[in-house]
Amino acid sequence: MDKPVCLIDTASDGKLCVQQSALQVLEQVQQPVVVVAVVGLYRTGKSYLMNRLAGKQTGFALGSTIESKTKGIWMWCLPHPTKAGTTLVLLDTEGLGDVDKGDSKHDTKIFSLSVLLSSTLVLNSQGTIDNRAIEELQYVTELTEYIKIKSSDEDEDDEFVKFFPSFIWAVRDFTLEQKIKGKYQLGITVNEFNLPRQCIRNYFPSRKCFTFPFPTAPENVSHLESLDPVDLSPDFQEVTQRFCKFVFDKSEVKKLKDGYTVTGRVLGQFAKTYVDMISSGEVPFLENAVMAMALIENEAAVKEGLEVYQSGMEKLKTSFPLELKEVSSEHQYLSRTATQALMKRSFKDSEGTYLKSLEEGINKLFHGYLYQNEEASRKRCENILSSLSGTMTEKLKKGSYAIPGGYVLFSQDLEDIVKKYKIQANKGVKVEDTLEEFLKQKSVESNAILQADNKLTEKEKKIMGEKINTKEQKQRQLEEKMEAERRSIEERMRQMREKMDEEMRLQREEAEHAMDSKLREQAALLDKGFQEKADRMSEEMEDFRRKNKNHQILQIQHMASAGLHTL
């Protein structure tokens with residue numbers, strides 16, 4: 001922040017209210033906070049001290065008149081000058097004791113809020129430690145009227161020290177002019193003097209006092225913020241430096257009773273809670289406020305843990321689909337990270353209620369991401385199968401499988417698709433389920449092709465059977481024809497043989513008859529003494545026999561030749 005902002009203001013109805021813009025600033029402060037608040041009478045230089053703590057000449061408004069300049073409680077958030085990773089929150093409060101405010105309890109409310117919100121409370125007073133100074137401490141004695149530890153009636157004096165901040169009394173323009181015989185001239189009773197001191201010891205865990213000399217000449221006091229260091233008293237500068245160093249070194253981080261570290265966000269929530277209680281007329285019960293804050297912070301811690309988990313899973317989601325082990329591994333890592341975020345922010349969750357709530361929320365989100373991963377896997381697998389089966393789809397449309405043997409072709413194409421599908425990378429967890437669904441869909445087409453193929457095959461078999469039967473029939477007919485011709489040839493041969501035999505018998509008979517005739521004629525010639533004619537006749541008979549034999553051989557050859565030609 002480059003300048004202070006109003007944290008708590010007075011509304012038009014006179015009630016205190018928290019400024020939303022200041023809460024938004026604190027909401028962004030995730031670091032632990034050291035909260036230093038300054039209270040005291042108006043126009044006593046409180047704002048100057050706060051500016052010095054901020055390391056600035058100006059910032060918080062300084063009053064140059066009798067009128068209180070600061071109204072309500074103003075806040076300035078700065079990096080802590082000596083504690084790394086810590087934010088210094090300075091609270092400058094409205095001056096106490098302004099009679100024009102009207103509400104006699106207004107100052108006590110401002111004082112009480114300063115005590116409740118700070119880890120170090122600076123009470124700023126001016127002049128001597130006298131009656132007036134002690135009167136300023138009356139606000140401490142009235143704290144128990146506006147702040148309670150518990151809602152029960154138990155004695156709480158020993159409990160305040162566990163909740164209240166460290167106490168620093170800064171006495172400005174300090175003198176001992178009214179010290180008489182070593183004692184302060186107070187004008188009040190010992191009990192009245194000791195009560196604030198006793199309350200300070202009872203309520204605040206540590207106490208420190210700084211006395212500041214006059215800073216400069218009286219005529220320059222009204223514009224301290226514009227003075228050069230050379231115009232300031234060296235003693236005043238030395239005390240101011242010691243004061244700032246002490247505050248930086250000794251002021252602790254704001255913590256709750258059980259040691260829970262307060263961040264800017266938690267401080268803002270406490271400011272709102274306490275202001276709401278006080279404005280409604282309630283007395284803030286610190287333990288109740290802590291429990292209410294625990295409820296708010298623990299619910300916010302669960303939400304933050306879930307956001308940590310969800311943010312990481314959303315990044316992982318961009319890589320879906322992934323294998324289950326990859327998603328589970330990242331889930332486990334993010335679950336641990338989310339739990340750490342919750343443990344860092346939550347408090348008073350002794351029964352683990354909010355840790356369980358975080359686990360349930362994470363598990364619900366995890367199942368959702370598992371489903372999204374499955375859907376991403378299913379979609380990718382379906383796209384792969386759709387691409388690989390494009391050719392098959394075209395073939396189905398064209399009826400390329402509606403042929404005998406089409407089922408075998410379809411099965412081969414399907415097997416090829418499955419092989420190519422299995423070697424594809426990054427398919428995710430639904431690789432088998434999607435393939436099973438794909439094959440289930442294709443089984444309908446496969447069965448239809450198989451049935452058609454069976455019908456086509458049966459018809460083809462019938463056609464082939466008919467062709468085979470026709471061929472066999474023709475073969476049989478041919479064989480029968482050949483057999484018939486063979487038998488016919490054999491019959492003709494038989495008949496020819498019979499005819500030839502008959503003709504040869506007749507020829508033999510004729511030859512024999514002729515021979516007999518010749519023999520008889522030869523015998524007659526011989527008888528008559530015609531030897532020469534008989535010899536000539538013998539030669540004729542021999543020639544006749546030879547010619548007759550040759551004729552028979554020719555007939556046999558003719559028959560054989562005729563039989564072979566027929567076959």
Any pair with a residue in residues 269-279 that passes side chain to side chain donor-acceptor pair (under 3.5 Å), sequence neighbours left out, goes on the list, sorted by first then second residue, please.
-> K272-D276
Above 12 or not: heavy atoms from other molecules or residues under 6.0 Å from CE of M277?
-> yes
For residues 77-88, run the donor-acceptor check on the side chains, cut-off 3.5 Å, and write out each pair with its distance to 0.1 Å, sequence neighbours left out.
residue: H80; atom: ND1; partner: T82; partner atom: N; Å: 3.1
residue: H80; atom: ND1; partner: T82; partner atom: OG1; Å: 3.4
residue: H80; atom: ND1; partner: K83; partner atom: N; Å: 3.1
residue: K83; atom: NZ; partner: F248; partner atom: O; Å: 2.7
residue: K83; atom: NZ; partner: S251; partner atom: O; Å: 3.4
residue: T87; atom: OG1; partner: Q31; partner atom: OE1; Å: 2.8

Could you pull out the closest heavy-atom pair between P213 and F236, with the gap in Å?
-> O-CD1, 3.4 Å
Might you point out which heavy atoms bring E323 and G428 nearest each other, and give the distance in Å?
-> OE2-O, 3.7 Å
Which pairs with one or both residues in residues 3-18 pass side chain to side chain donor-acceptor pair (under 3.5 Å), sequence neighbours excluded?
-> none
Under the ring pair (Phe, Tyr, Trp, His ring centres under 6.0 Å) test, residues paired with F243 that sit two or more places apart | F210, F212
Got a sec, which residues hit side-chain hydrogen bond (donor to acceptor under 3.5 Å, both in side chains) with E238, two or more places apart in sequence or on another chain?
-> R242
Could you pull out all residues at least two apart from R52 that satisfy side-chain contact (heavy atoms from CB on, under 4.5 Å)?
-> Y48, Q57, T240, C244
Taking side-chain contact (heavy atoms from CB on, under 4.5 Å) as the test, write out the residues that go with A271, two or more places apart.
-> L117
Can you name the side-chain contact (heavy atoms from CB on, under 4.5 Å) partners of T337, sequence neighbours left out?
-> V308, Y333
State the OG-CD distance between S311 and E304, to the nearest 0.5 angstrom.
-> 11.5 Å
Please list, chain by chain and in numerical order, all residues satisfying side-chain hydrogen bond (donor to acceptor under 3.5 Å, both in side chains) with E299, sequence neighbours excluded.
-> none
List for me each residue that meets side-chain hydrogen bond (donor to acceptor under 3.5 Å, both in side chains) alongside D433, sequence neighbours excluded, and say none if there are none.
-> K430
By side-chain contact (heavy atoms from CB on, under 4.5 Å), E359 pairs with (sequence neighbours left out) L355
Shortest non-hydrogen contact from L121 to S114?
-> CD1-CB, 3.9 Å
Any Lys/Arg nitrogen of R378 or E375 sitting under 4.0 Å from an Asp/Glu carboxylate oxygen of the other?
-> yes
Let me see the working for E297 and R265 under salt bridge (charged side-chain N to carboxylate O under 4.0 Å, His left out), right down to the final yes or no.
-> CA-CA 9 Å; E297 278 297 290; R265 180 188 60 251; 3.1 Å; yes
Around atom CD of E351, are there more than 12 heavy atoms of other residues, nucleotides or ligands at under 6.0 Å?
-> no
Under the side-chain hydrogen bond (donor to acceptor under 3.5 Å, both in side chains) rule, collect the residues that match up with Y309, sequence neighbours excluded.
-> H331
